[in-house]
Enquirer: 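Supplied in structure tokens, the structure appears directly below.
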Amino acid sequence: QVQLVESGGGLVQAGGSLRLSCAASGRAFNRDAMGWFRQVQGKGREFVAAISASGGSTSYADSAKGRFTISRDNAKNTVYLQMNSLKPEDTAVYYCAQRSRWSLADEPSQYDGWGQGTQVTVSS
């Protein structure tokens, strides 16, 4: 069973940047696709970005394209989400997710493990 621990959230002004990290343990990290989702209270989890097990393929929600970058370091068992040009509507709890497949996915039901979440707040 995988354990995922996110870090890097916080409070930032609109236009600023944050980098989220997610450290994984308990599985062969380099066999798993990884994703980032976000959730606002009262709403479902929204797909943000995903990366294949090798890191060779990535996918982004339209809201993230051009501003966010997902990456991974398989030697460190860590996946990152670099977020630039942040907007108040990016405010949410951000979750790291693990998928026991090589390939990308954008639905929460296609992921097998979840972190505890990290709060990102963007002030206007």
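Computed from a prediction, not measured in an experiment: that's the story for all the values here.
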Enquirer: Walk me through it: do Q1 and S25 pass the test side chain to side chain contact (heavy atoms under 4.5 Å, CB included)?
Expert: CA-CA 8 Å; Q1 185 176 357; S25 61; over 6 Å; no

Enquirer: Treating R67 as the side-chain partner and S85 as the backbone partner, does any N or O pair qualify as donor plus acceptor under 3.5 Å?
Expert: yes

Enquirer: Do S59 and F47 pass the side chain to side chain contact (heavy atoms under 4.5 Å, CB included) test, and can you show the C-alpha distance, the side-chain angles, and the key distance before you say yes or no?
Expert: CA-CA 10 Å; S59 176; F47 171 71; 3.9 Å; yes

Enquirer: Is there a chain of hydrophobic side chains (I, L, V, M, F, W, Y, each step under 4.5 Å between heavy atoms) that links L86 to V93?
Expert: no

Enquirer: Are a donor atom and an acceptor atom from the side chains of Y111 and R99 found within less than 3.5 Å of each other?
Expert: no

Enquirer: Looking at every non-hydrogen atom in both residues, tell me the closest pair between Q110 and A105 and how far apart they are.
Expert: OE1-CB, 3.3 Å

Enquirer: Under the rule for salt bridge (Lys or Arg N to Asp or Glu O under 4.0 Å), what residues qualify as partners of R27, not counting sequence neighbours?
Expert: D32

Enquirer: Taking the side chain from T118 and the backbone from G9, do they hold a donor-acceptor pair closer than 3.5 Å?
Expert: yes

Enquirer: Between CD of Q39 and CZ of R45, what distance do you get to the nearest 0.5 Å?
Expert: 5.0 Å

Enquirer: Can you tell me how far apart CG (L104) and CD1 (I70) are? Round to the nearest 0.5 Å.
Expert: 8.5 Å

Enquirer: Quick check: closest heavy atoms across F68 and L81, and the distance to 0.1 Å?
Expert: CB-CD1, 4.2 Å

Enquirer: Say you draw a straight line from CD1 of I51 to OH of Y80; how long is it, rounded to the nearest 0.5 Å?
Expert: 11.0 Å

Enquirer: With no hydrogens and no angle check, is any side-chain donor or acceptor of E6 less than 3.5 Å from a backbone partner on G117?
Expert: yes

Enquirer: With distance as the sole test, does R72 use its side chain to make a donor-acceptor pair with the main-chain N or O of S52 at under 3.5 Å?
Expert: yes

Enquirer: Counting only N and O atoms by type, is there a donor-acceptor contact under 3.5 Å from the side chain of N84 to the main-chain atoms of L18?
Expert: no

Enquirer: Quick one: closest heavy-atom pair of K65 and D62, and the distance?
Expert: NZ-OD1, 3.2 Å

Enquirer: Give a yes or no answer on whether the side chain of Q82 reaches the backbone of R19 with a donor-acceptor pair at less than 3.5 Å.
Expert: no

Enquirer: Determine, stepwise, if the pair V79 / C96 fulfils side chain to side chain contact (heavy atoms under 4.5 Å, CB included).
Expert: CA-CA 8 Å; V79 62; C96 171; 3.8 Å; yes

Enquirer: Answer yes if the ring centres of Y95 and F37 are under 6.0 angstrom apart, and no otherwise.
Expert: no

Enquirer: Is T91 reaching over with its side chain to a backbone N or O of E89, donor-acceptor style, under 3.5 angstrom?
Expert: no

Enquirer: Measure the CZ-CG distance between R38 and L20 for me, rounded to the nearest 0.5 Å.
Expert: 11.0 Å

Enquirer: Looking at every heavy atom in both S100 and D112, which two are closest together, and how far apart are they?
Expert: N-OD2, 2.8 Å

Enquirer: For T78 and D73, does a side-chain donor sit closer than 3.5 Å to a side-chain acceptor?
Expert: no

Enquirer: Apply side chain to side chain contact (heavy atoms under 4.5 Å, CB included) to residues F29 and M34 and explain how you reach the verdict.
Expert: CA-CA 9 Å; F29 181 73; M34 300 294 293; 3.9 Å; yes

Enquirer: Between atom CG of L11 and atom OG of S123, what is the distance when rounded to the nearest 0.5 Å?
Expert: 5.0 Å

Enquirer: Which atom names give the shortest non-hydrogen contact between S103 and A33, and what distance separates them?
Expert: O-CB, 3.1 Å

Enquirer: With the side chain counted from C-beta on, respond yes when Q98 and L4 share a heavy-atom pair under 4.5 Å apart, and no when they do not.
Expert: yes

Enquirer: Let me check something: do V120 and Y60 share a hydrophobic cluster, defined by ILVMFWY side-chain heavy atoms less than 4.5 Å apart, either directly or through other members?
Expert: yes

Enquirer: How far does CE of M83 sit from CH2 of W36, to the nearest 0.5 angstrom?
Expert: 8.0 Å

Enquirer: Salt bridge or not for K87 and D90, using N-O below 4.0 Å?
Expert: no

